[in-house]
Amino acid sequence: MSRISYREALREALQEAMQRDPRVFLMGEDVGRYGGTYAVSKGLLAEFGPERIRDTPLSELAFVGAGIGAALGGLRPIVEVMTVNFSLLALDQIVNTAATLRHMSGGQCSVPLVIRMTTGAGRQLAAQHSHSLEGWYAHIPGIRVLAPATLEDARGMLWPALEDPDPVILFEHGQLYNVEGELAEGVTVDIRSAKVRRAGRDLTLIAYGGLLGKALEAAEQLAREGIDVEVIDLRVLRPLDDATLLASLAKTHRLVVVDEGWKSGSLAAEVVARLTEQAFYELDAPPVRVCSAEVPIPYAKHLEEAALPQVAVIVAAAHGVCGT
Amino acid sequence: MSSQTQTSDTLMLPPGPVPTAPVPFAPELALGLLRDMLRIRRLEEKCAELYGAGQIRGFLHLYIGEEAVAAGAMRALSTDDTVVATYREHGQALLRGVSMRAIIAEMFGKQEGCSRGRGGSMHLFDAQSRFFGGNAIVGGGLPLSVGLALADRMQGIRRVTACFFGDGAVAEGAFHESMNLAALWQLPVLFCCENNLYAMGTALPRSESQTDLCLKAASYRIASRAVDGMDVVATHQAALEAVDAVRSTQQPFFLEFQTYRFRAHSMFDPDLYRDKAEIEHWKEHGPIHTYTARLKAQGLLAEEQFLALDVEVGREVDDAIAYAEAGHWEPVADLLRDVHTPAGGSSS
Ligand SMILES: Cc1ncc(C[n+]2csc(CCOP(=O)(O)OP(=O)(O)O)c2C)c(N)n1
Ligand SMILES: [Mg+2]
């Protein structure tokens with residue numbers, strides 16, 4: 001066990017991957033000399049040099065596409081897109097090329113590419129720097145979408161992502177980088193399953209990424225108020241691990257889903273729809289979603305807070321579903 | 001460089017006179033280039049018929065008129081080089097070695113197709129010969145080619161990546177970002193711009209403030225050259241020199257082929273945006289008949305020989321159609337395959 005931050009866990013994962021496999025390299029805007037926008041790759045340039053810690057110009061489309069090409073060419077690129085907001089400039093390469101190449105080529109061309117990006121709001125960065133578009137990416141067949149919410153996943157998800165022969169997107173929530181805790185040495189994790197982060201009997205509370213912490217906080221408060229909440233961390237946003245969710249619902253019969261994306265067309269909508277389709281008769285009450293308000297994220301602190309899912313709202317939703 | 005700077009309402013004519021000079025190649029190469037162009041032409045003429053008959057569906061973009069570009073360029077590459085192409089890629093795929101059988105089967109949607117019928121005309125692939133598609137997003141292949149070249153550079157492999165794209169792609173950000181990256185990182189990419197003067201119905205002067213495309217390359221400090229894309233001697237010589245430059249310097253090169261498509265953009269296009277007289281002018285420069293005439297004039301080709309070649313190519317096309325017709329529809333039960341690589345499955 002050692003004390004570590006989410007940022008450091010990500011950095012250790014990068015460092016280990018680069019040491020283990022000479023085909024692995026990192027490229028993106030300011031990953032090298034600047035040290036990474038969120039300082040994740042700080043110090044790696046000195047260790048691995050500018051070929052493998054490769055600064056790129058502001059050309060999201062081209063360097064994500066170049067990552068795809070490099071993957072086809074036998075390397076294992078990790079492409080850092082500064083934030084999900086800017087990934088929109090690379091959407092074409094991700095959706096039209098990375099996700100489709102294997103299929104369009106009749107199985108000839110797999111794309112072993114990892115894309116990392118920061119996501120989420122909560123830092124008063126206003127409407128163009130606060131998106132949570134994980135759900136959009138989770139819509140696309142052909143890519144695997146991961147949301148490390150814990151130190152363990154921050155440390156452990158990169159390696160299996162690199163071992164995956166197909167494109168993987170890793171979403172790092174901007175609010176998590178400074179989170180610290182204890183982490184055991186040599187953790188390994190899978191990139192297939194959802195995980196129960198807190199066992200409970202009365203209610204299934206599903207969350208991912210930046211909101212897992214708030215879900216756990218809400219669960220603690222609810223425990224004090226007599227509701228025993230099971231908190232599930234989705235971890236893998238595509239493909240969804242229905243089995244773990246269904247098993248929990250079969251136990252609790254009540255469901256709240258938390259998602260920082262906007263409610264309309266959200267990942268939360270997908271989760272609720274799946275569980276309702278497959279386990280309608282397990283439900284003792286209509287499921288509820290707690291999502292961001294349908295407004296571009298405002299700058300002013302009180303308005304931003306009002307727009308995002310907060311612990312109090314999750315708690316209230318849980319009481320509603322439990323009729324308490 | 002380019003003289004194609006007329007305004008949109010005047011005819012855009014071929015850059016030079018119809019070439020008549022003797023073909024400076026040994027007979028095998030000289031006749032090989034003819035055969036290459038004829039194979040593309042006859043294949044595509046049949047594709048148009050098959051489209052009319054409903055056997056090929058979706059988008060079909062014919063290369064007819066532009067054959068000298070693929071023929072000249074593909075022969076300049078070695079088998080270990082890499083090729084990235086567009087949706088108008090039948091010629092490149094064929095000359096890269098994808099069989100006519102696999103190409104037509106692909107267009108029929110049969111599982112014997114080079115992409116198992118998942119791709120169609122616009123997505124021909126052949127990983128074995130390093131032919132990475134078949135990209136139907138205008139400009140979409142450019143970043144890919146940069147990455148492929150980067151992988152070679154980082155792994156110490158001396159290879160050329162040839163990336164084909166149209167004049168329309170030059171307006172896309174992907175073109176500019178990719179040119180810059182290739183120059184900045186000094187990557188061995190041969191940018192092959194097939195300037196056929198139109199992007200669907202939009203003539204080059206209606207989309208570019210600067211129609212001399214080589215100047216764009218110059219702004220990225222990439223060496224460039226424009227060449228008569230209707231003359232297979234010129235395209236091949238220019239491609240040989242360009243490939244050689246890329247291979248020896250490991251730097252990018254921009255090669256503009258000034259060419260013209262004789263057919264509509266796709267089978268859906270009524271071709272209303274250009275003057276018939278313009279098309280006729282370019283047809284006088286048709287790559288196959290002008291070249292055939294030169295070969296004959298210098299005694300490298302007799303009429304009977306040409307006819308025999310044509311018959312042989314025709315047989316290849318007929319055989320490919322029969323093969324495709326006898327091919328199989330992939331079982332619907334397999335619908336979801338190749339979205340992800342199966343465990344233990346192949347990855348490049
Ligand atoms: C990004 C994008 N925008 C628009 C289209 C629709 N489209 C298909 S081909 C084409 C014209 C492209 O022209 P050019 O690059 O000159 O190639 P050509 O067809 O002349 O070979 C257009 C606009 C597309 N496929 N991709
Ligand atoms: Mg064009």
Side-chain angles (χ1 to χ4, degrees), chain A residues 22-25 27 50-52 54-77 79 89-93 95-113 140-144 163-168 238-239, chain B residues 82 84 106 111 113-120 122-128 132-137 139-155 157 159 161 172-174 176-182 184-185 187 336-343 345-348:
Chain A
R23 298 173 304 174
V24 173
F25 71 104
M27 74 173 150
E51 282 274 304
R52 292 182 72 200
R54 181 173 287 268
D55 281 319
T56 66
L58 291 158
S59 304
E60 290 82 3
L61 181 65
F63 71 71
V64 170
I68 299 169
L72 285 175
L75 297 178
R76 290 293 178 275
V79 174
L89 283 88
L91 209 48
D92 165 54
Q93 284 294 325
V95 178
N96 278 321
T97 305
T100 59
L101 264 186
R102 178 169 174 88
H103 182 257
M104 278 193 319
S105 66
Q108 295 181 76
C109 303
S110 297
V111 180
L113 168 70
I140 312 297
I143 48 185
R144 182 179 297 273
E163 285 188 313
D164 191 316
D166 301 311
V168 177
R238 183 183 188 94
Chain B
T82 302
V84 176
E106 186 59 35
Q111 69 180 16
C114 57
S115 305
R116 296 184 60 85
R118 299 292 177 129
M122 301 191 288
H123 304 302
L124 305 177
F125 280 82
D126 184 31
Q128 220 188 338
F132 291 109
N135 199 315
I137 302 300
L142 285 147
L144 211 67
S145 66
V146 169
L148 282 155
L150 176 63
D152 288 341
R153 238 278 304 279
M154 290 180 69
Q155 294 172 108
I157 302 169
R159 196 152 48 196
T161 295
E172 294 281 3
H176 296 275
E177 293 184 15
S178 300
M179 293 279 283
N180 181 51
L181 272 189
L184 187 70
W185 290 346
L187 301 176
L336 298 183
R337 67 171 279 161
D338 293 331
V339 177
H340 290 283
T341 309
S346 67
S347 150
S348 58

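Just so we're on the same page: letters track the sequence lines, and every chain starts at 1.
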Residue pairs passing the side chain to side chain donor-acceptor pair (under 3.5 Å) test with at least one member in residues 56-70 of chain A, sequence neighbours excluded, are none
When the 4.5 angstrom heavy-atom criterion is applied to A:Ser105 and chain B, the contacting part is both
ask   = Is there side-chain contact between B:Glu172 and A:Leu61, with at least one heavy-atom pair below 4.5 Å?
value = no
When the 4.5 angstrom heavy-atom criterion is applied to A:Ile143 and chain B, the contacting part is backbone
Okay, B:Leu184 and chain A: the region with an atom under 4.5 Å from a heavy atom over there is side chain
*What do you reckon, is CD of B:Gln128 surrounded by more than 12 foreign heavy atoms closer than 6.0 Å?*
no
The reported gap from CG in B:Leu144 to CD in A:Gln93 (rounded to nearest 0.5 angstrom) is 6.5 Å
Under 4.5 Å to a heavy atom of chain B? For A:Glu51 that would be both
Separation between CE (A:Met104) and CG (B:Asn135), nearest 0.5 Å, reads 6.0 Å
Chain A shares the most heavy-atom pairs under 4.5 Å, among B:Arg153, B:Arg116, B:Arg118, B:Gln111, with B:Arg118
| query | Counting distance only, does the side-chain N/O of A:Gln108 pair as donor-acceptor with the main-chain N or O of B:Phe125 below 3.5 Å? | reply | yes
Interatomic distance, CG@B:Asp338 vs NE2@A:His103, rounded to 0.5 Å, equals 6.5 Å
query: With side chains defined as the heavy atoms from C-beta onward, is the minimum distance between B:Leu181 and A:Pro57 less than 4.5 Å?
result: yes
